Amino acid sequence: MGLRRILLVQNDSALCSELKIILRFLECEVVACDLDALVDGPEPDFDAIFLCVDGNIETVVLRIVELYRQAPLVLVMDAAAVKSLPMGLESRATSVLTWPTNYSALSVCLEKVGREAPEAVNVRPSELFRSLTGASKAVQRTRKLIQQVAPSDATVLILGESGTGKEVIARHLHYYSSRRSKPFVPVNCGAIPGELLESELFGHEKGAFTGALSSRQGRFELAEGGTLFLDEIGDMPLSMQVKLLRVLQERCFERVGSNKTIQCDVRIVAATHRDLEEEIGRNRFREDLYYRLNVFPIEVPSLRERLEDVPALVEDLTARLKAEKRGDMRLTPAALRVLQRYHWPGNVRELANLIERLAILYPNGVVDAPDLPEKFQQFVKPEDAAFAHEPDAESISPEGGLGLTRLPGDGLDLREHLNNLECALIKQALDECNGVVAHAANLLRMRRTTLVEKLRKYGLRGEETTLI
């Protein structure tokens with residue numbers, strides 16, 4: 001069978017117990033956990049993941065694939081659930097096991113998974129992917145394109161404004177491909193002078209030019225078998241575009257100062273913030289190179305196109321700073337609303353810089369709308385100031401008092417006030433349950449899946465809480 005260590009993820013305790021007994025009988029070491037116990041730093045040495053879950057299976061599968069990309073995935077579900085699997089989801093799993101099962105079907109499943117279980121795997125750091133945090137349609141569309149093209153060797157052209165995370169997309173493509181054990185080599189075509197770019201890409205021989213004191217490999221050789229990421233390809237000089245086109249067409253090149261042809265096996269991922277079709281019209285970019293690169297385009301959405309993702313991005317960024325021992329800062333719902341009204345010309349990079357700045361100014365504090373930098377103050381509305389000190393866990397009585405004894409003279413937005421109260425109560429429940437969603441849901445007398453949706457709505461996550 002070849003399997004040694006299996007992670008069993010479930011929210012169906014009965015099915016989990018049965019499967020655990022069977023797998024242990026077959027001499028597999030089984031580690032079982034529920035959905036809320038998944039963390040961002042998974043153990044890298046599982047030979048397979050068995051997923052027994054109902055509800056929103058698509059969201060869970062995508063989460064599992066991101067955390068445990070190195071291990072084969074088996075979906076365990078009843079026949080009715082198998083028939084209702086979303087289109088394309090089955091392809092994300094190595095096998096689908098219909099439950100209840102028989103020995104023959106289970107043996108076939110284990111044999112198939114055992115053949116794909118890796119001996120050693122390069123696990124990518126999870127922080128590489130934080131710029132794609134969020135549940136907006138724009139981000140979901142980008143993730144889908146990545147999933148479709150990553151397994152192939154097709155050349156990808158990533159288009160998007162500066163700061164949107166184009167290199168994040170490129171790393172996604174590499175780590176989700178069969179080349180993930182080989183190098184990922186980035187090169188910024190706009191940051192290297194044109195006269196040095198040829199040597200940088202193709203390498204040079206000793207004495208090829210003044211200062212070439214020894215032979216040197218170029219980025220194409222360094223990326224052999226892996227992925228070469230050509231960032232800001234729109235800034236590449238025309239003279240280099242001709243040479244790059246030849247390499248893409250013939251898959252070979254020569255070092256500067258050499259006549260020896262070197263074959264290369266490299267996947268090309270290019271990116272630019274420029275409109276290349278407009279650059280072609282101005283004779284600043286070769287049309288033939290554009291069509292060679294534009295095999296599979298991916299347009300990265302700007303942050304202003306997915307403002308609903310701001311709370312989730314802020315939560316991820318503050319969690320990262322906390323993990324790095326750089327303070328435990330959080331933003332109030334009013335501050336988050338202000339950030340969602342801003343146009344973000346610098347995109348996710350600008351948001352990350354703001355959060356880092358706020359973490360320095362308020363290392364263990366709460367940042368409210370008036371505490372944001374001056375340029376954000378024009379987006380503060382009267383209701384944000386009126387409720388700058390929204391009810392928090394400390395201001396809510398054990399009996400669940402509203403934290404408001406009199407109606408303000410100018411009235412209030414009841415729906416918003418109740419949302420603030422609900423958010424504060426959820427925070428209190430998470431604090432009392434050490435961030436475990438299932439326990440907090442019991443405390444609040446609601447279904448775990450309902451609480452998960454509310455956590456997404458308010459951009460909340462406890463220290464030990466993981467949103468699936």
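Not measured: the values here are computed from a predicted model.
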pair [X]-[Y]: side-chain heavy atoms closer than 4.5 Å:
X: Val76; Y: Leu8; value: no
X: Phe202; Y: Lys243; value: yes
X: Cys189; Y: Met240; value: no
X: Pro183; Y: Leu222; value: no
X: Lys166; Y: Thr272; value: no
X: Arg286; Y: Leu238; value: yes
X: Leu455; Y: Leu430; value: yes
X: Leu336; Y: Tyr458; value: no

Is the backbone N or O of [Y] less than 3.5 Å from a side-chain atom of [X], with the two atoms forming a donor-acceptor pair by type?
X: Glu232; Y: Val187; value: no
X: Trp344; Y: Leu339; value: yes
X: His174; Y: Lys182; value: yes
X: Asn347; Y: Leu303; value: yes
X: Thr318; Y: Val314; value: yes
X: Arg251; Y: Val266; value: yes
X: Arg320; Y: Leu317; value: no
X: Ser152; Y: Val149; value: yes
X: Arg219; Y: Pro186; value: yes

Determine the minimum heavy-atom distance between [X] and [Y], stating which atoms define it.
X: Leu307; Y: Tyr342; result: CD2-O, 3.7 Å
X: Thr155; Y: Leu293; result: CG2-O, 3.5 Å
X: Ser162; Y: Arg349; result: C-NH1, 3.8 Å
X: Val156; Y: Arg267; result: CG2-NH2, 3.6 Å
X: Gly190; Y: Asp235; result: CA-CB, 3.7 Å
X: Pro333; Y: Cys423; result: CG-SG, 4.3 Å

Exercise for the section: Verify salt bridge (Lys or Arg N to Asp or Glu O under 4.0 Å) between Asp275 and Arg282, making sure each step is shown before the conclusion. Expected result: CA-CA 11 Å; Asp275 184 334; Arg282 296 180 178 181; over 6 Å; no

Give a yes or no on this: more than 12 heavy atoms of other residues, nucleotides or ligands lie within 6.0 Å of atom [atom1] of [X].
X: Gln249; atom1: CD; result: yes
X: Glu277; atom1: CD; result: no
X: Arg341; atom1: CZ; result: yes

Exercise for the section: Could you tell me whether the side chains of Thr164 and Glu161 share a donor-acceptor contact shorter than 3.5 Å? Expected result: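 Absent: no donor and acceptor within the cut-off.
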
Practice task
Would you please say whether a donor-acceptor pair under 3.5 Å links the side chains of Asp309 and Ser136?
Solution key: yes

Exercise for the section: Evaluate side-chain contact (heavy atoms from CB on, under 4.5 Å) for Arg357 paired with Asn353, printing each intermediate quantity in order. Expected result: CA-CA 6 Å; Arg357 175 183 175 185; Asn353 291 342; over 6 Å; no

Between [X] and [Y], does any side-chain N to carboxylate O distance fall below 4.0 Å?
X: Arg216; Y: Glu200; answer: yes
X: Lys375; Y: Glu350; answer: yes
X: Lys457; Y: Glu453; answer: no
X: Arg326; Y: Glu356; answer: yes
X: Arg255; Y: Glu221; answer: yes

Problem - Evaluation steps, side-chain contact (heavy atoms from CB on, under 4.5 Å), between Phe253 and Leu201 - result: CA-CA 10 Å; Phe253 63 92; Leu201 289 176; over 6 Å; no

Return the [atom1] to [atom2] distance between [X] and [Y], rounded to the nearest 0.5 Å.
X: Arg179; Y: Glu224; atom1: CZ; atom2: CD; answer: 8.0 Å
X: Tyr175; Y: Thr227; atom1: OH; atom2: OG1; answer: 9.5 Å
X: Cys252; Y: Ile262; atom1: SG; atom2: CD1; answer: 10.0 Å
X: Ser95; Y: Phe50; atom1: OG; atom2: CZ; answer: 7.5 Å
X: Leu157; Y: Ile233; atom1: CG; atom2: CD1; answer: 8.5 Å
X: Arg292; Y: Gln241; atom1: CZ; atom2: CD; answer: 14.5 Å

Practice task
Look at the aromatic rings of Phe184 and Phe229 and report parallel, tilted or perpendicular, splitting at 30° and 60°.
Solution key: parallel

Practice task
Evaluate the criterion side-chain contact (heavy atoms from CB on, under 4.5 Å) for residue pair Val269 and Phe296; output intermediate values, then yes/no.
Solution key: CA-CA 10 Å; Val269 177; Phe296 195 96; over 6 Å; no

Practice task
Apply side-chain contact (heavy atoms from CB on, under 4.5 Å) to the pair Glu167 and Ile158, showing each step before the final yes or no.
Solution key: CA-CA 9 Å; Glu167 184 169 343; Ile158 306 172; over 6 Å; no

